[in-house]
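Reading through the structure tokens given below for one structure.
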Amino acid sequence: MKLSVILQNAVSALYDGQVSADMVQVQKTRKEFDGDLTVVVFPLLKFSKKSPEETGKELGNYLQQNVSEVVVFNVVKGFLNLTISDEYWLNQFNEISQKESYGFAEKNLGITTMVEYSSPNTNKPLHLGHIRNCLLGWSVAEILKANGHNVIKTQIINDRGIHICKSMLAWQKWGNGEEPSDEKKGDKLVGEYYVEFDRKHKLEISQTASVSETDAVSKPRTQLLSEAQQLLRKWEAKDTEVYALWKKMNGWVYEGFDVTYKRMGIDFDQLYYESDTYLNGKEIVLKGLEKDIFFKKDDGSVWCDLTKEGLDEKLLLRADGTSVYITQDIGTAIKRFEGFPELAKQIYVVGSEQNYHFKVLFFILKKLGYEWADECLHLSYGMIDLPSGKMKSREGTVVDADDLMQEMHKTAKAITEELSKVEEIPENERDELYWMVGLGALKYFILKVDPKKKMLFDPKESVDFHGNTGPFIQYTYARIQSVLRKAEKNSEFRIQDLELKREEKEIIKLICEYPQIIKEAGENYSPALIANYAYELTKSFNHFYQSISILAAETDELIAFRVALSEMSGKVLKSALGLLGIEVPERM
RNA sequence: GCCCCCGUAGUUCAAGGGAUAGAAUGAGAGUUUCCUAAACUCUAGAUCCAGGUUCGAGUCCUGGCGGGGGUACCA
């Protein structure tokens, strides 16, 4: 039943008008009115040349006579509310119940999309900002898969540069050979030496008169910084000793990161390291210079003129020939499209503070003649603010990823023990449950917010477990499983005619929407749409569960139907949460 | 200075130009001999200000106020 097409026909039949598709507005009926679907008649008045009420009635009559599924209608102001037959909804439900992975695209679109997320520096542990980045990127990748894309999950690891040299220098000077241990993961250890460098560096500045705090690479003003740069130069020359140290310390960091990623439940298909790609970018820029796409200033630095595009000039290579951040990004992008010739789209999940950077990057790639630059997208997400404002490492307000997840586990444990259904759960499964619930709370908390918007995180008020939260949905899922365990399996069941209760119909309607929600989430790159949908379904199910008995229904057929409805609700919830990287427990 | 984004209940989030702006939390009142009360039901509470476009504006346009981000060889 394509209601919008039927409506177009209706208007031409009744009023002799040609209606374009966008003038036909069909939406869900708000729950305070009777009906399932609502037609907004205002745009059609120019054809009917009658009042909204009259037009609505005429259209309603037409639909009632010509569309068997439309049972009754009512008109409120300019809104035509249609009630669709129970038979229709039951048929939909029967059909859906047969499907294997309901809601997911049935065929592969043959589009390969690369999604980049996380992309950390190797001098600091992952923090709350990375968590949002990782969860978003991972979820968007899964949502695209559900929409029939081939997806390559990736990250660029910024493993090279002055930052890691600072950590290396500090470790050489004051490390006494310290190595990662059970108490201190590798990424934490390296991060501490980075901080230590900064501390000692500041100390040196304060002790030296008339030294500015400038970090300029070309003119180091402190002994420490100049030593760090010495290391960087040695690294670029592949000095054996420096290279070995660099490998060792980065190795520690990767081991630490792996633990964090694993805990978070995210993964990658393909890794890129800046140390492998940074020379690429430089080559490309020099070639662009030869072709006069870029230009050289008197001091020898290379620039791209973007004033015609309404932007400024952008530096690509410093006067000493060293590359800047964007240089390696140019190289990496090209390497990716060369490495995967089938690649159709590239999505960068990166914070909104880099909006300008990506605008420039895509312009430059286009100038270099890469048509695929149009298929590059910066999925820009808002930053996470603390009540005190931005996270600042200097002020020690950075929320560490490992600590936060550990905290969530602890809270989940405490709440689960307090609400005391733990006895029913085997002892060896409890810890897994705590992680499931704790991370469920955290992931849902972050993903339910529109990616584009910035969000607030208050570390003092721990993430909630009641209301619109991950655990609420997990709890509902567990409840459903409990019902299913108690129900006698009746696989032969097939409902024929049944008068649906309001609560039952509500659930079926929501379940019918699921494929459309996945589609929209894919088009908008928004896990939030999935999260909000899962919440709606959960609320509706709980309302149903509370007011209608499933296992004590009047007839066997009714029991079978309600069990099937519960089972399907559970399946959709599990599927939706799965797209967010949230697992569901059988009991909690 | 210039550019971009954002201002919705006390608080955190929703609302593809459409009906009486939804939730959650917090506040108040109720629900457990019944499938898991991490639940359910009810009450009070919001579109920063001023114009404009539209049959219709939280949503689009202009101006103001407030907040955030970027931009001067960091990543």
Side-chain angles (χ1 to χ4, degrees), chain A residues 25 27 29-33 38 40-43 45-46 52 76-79 81 119 121 123 158 161-163 215-218 274 297 299 301 303 310-312 314-320 322 324-326 328-329 351-357 359-360 380 382-383 385 389-390 412 415-416 418-419 421 424 437 441 445 448-450 452-458 461 464-476 478-487 520 523-524 528-529 531-532 535-536 538-539 541-543 545-553 559 562-563 566 587-588:
Chain A
Q25 293 179 38
Q27 51 194 234
T29 302
R30 291 195 166 210
K31 63 169 177 252
E32 58 266 40
F33 300 98
T38 294
V40 184
V41 303
F42 295 106
L45 299 183
K46 69 169 87 162
V76 181
K77 293 181 185 167
F79 298 89
N81 301 317
S119 303
N121 286 355
N123 60 322
N158 301 299
I162 192 71
H163 53 84
D215 227 31
V217 174
S218 49
E274 195 190 331
K297 289 199 176 174
D299 66 354
S301 56
W303 296 72
L311 306 174
D312 294 328
K314 179 73 188 174
L315 177 88
L316 300 177
L317 289 174
R318 297 191 188 93
D320 66 359
T322 57
V324 291
Y325 178 53
I326 201 162
Q328 70 92 10
D329 262 358
S352 62
E353 75 271 21
Q354 294 194 35
N355 285 354
Y356 184 76
H357 170 79
K359 208 170 167 182
V360 169
S380 163
M383 332 194 60
D385 285 328
K390 218 176 158 177
I415 291 181
T416 305
E418 178 201 325
L419 296 173
K421 274 155 241 155
E424 294 173 21
V437 175
F445 177 81
K448 76 171 181 187
V449 181
D450 183 332
K452 292 190 292 291
K453 298 192 178 168
K454 62 181 179 187
M455 60 182 294
L456 191 90
F457 181 87
D458 190 343
E461 287 179 37
D464 231 320
F465 287 70
H466 300 276
N468 184 1
T469 65
F472 170 52
I473 302 171
Q474 288 171 319
Y475 171 74
T476 303
R479 255 182 166 183
I480 291 171
Q481 301 318 302
S482 174
V483 171
L484 296 181
R485 278 191 297 272
K486 286 177 181 151
E520 281 171 24
E523 285 162 0
N524 296 298
L529 297 178
N532 289 331
Y535 177 60
E536 286 300 319
T538 302
K539 264 199 308 187
F541 184 85
N542 275 319
H543 182 62
Y545 179 94
Q546 190 77 21
S547 46
I548 296 176
S549 179
I550 299 166
L551 298 176
I559 293 177
R562 288 181 187 160
V563 168
S566 304
R587 295 180 168 82
M588 73 183 267

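Labels below follow one simple rule: chain letters A, B, ... track the order of the sequence lines, proteins then strands, and each chain is numbered from 1.
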Start at the 5' end of RNA chain B and walk down; is the nucleotide closest to Ser352(A) or to Tyr535(A) reached first? Tyr535(A)
Does any donor-acceptor pair link the side chain of Asn121(A) with the base of rC74(B) at a separation under 3.5 Å? no
Interatomic distance where CD belongs to Glu536(A) and C1' belongs to rA24(B) [whole Å]: 12 Å
Is there, by distance only and without an angle test, a donor paired with an acceptor across the side chain of Asn81(A) and the base of rA19(B) below 3.5 Å? yes
Any Lys77(A) side-chain N or O less than 4.0 Å from OP1/OP2 of rU20(B): yes
Roughly, in whole Å, what's the span from CE in Met383(A) to C1' in rG69(B)? 7 Å
Do we count Tyr475(A) as stacking onto rA39(B) if the rule is ring centres under 5.5 Å and planes under 30°? no
Nearest-0.5 Å distance, OG1 of residue Thr416(A) to CZ of residue Phe465(A): 7.5 Å
Under 3.5 Å, is there any donor-acceptor pair linking the side chain of Thr476(A) to the base of rA39(B)? no
Are any side-chain N or O atoms of Asp320(A) and backbone N or O atoms of Thr322(A), one a donor and one an acceptor, separated by less than 3.5 Å? yes
Could you say whether the aromatic ring of Phe42(A) and the base of rG18(B) stack, counting only centre distances under 5.5 Å and plane angles under 30°? yes
Roughly how far apart are Asp450(A) CG and Met455(A) CE, rounded to 0.5 Å? 11.0 Å
Measure the distance from CG on Asn532(A) to P on rA15(B) and round it to the nearest whole Å. 7 Å
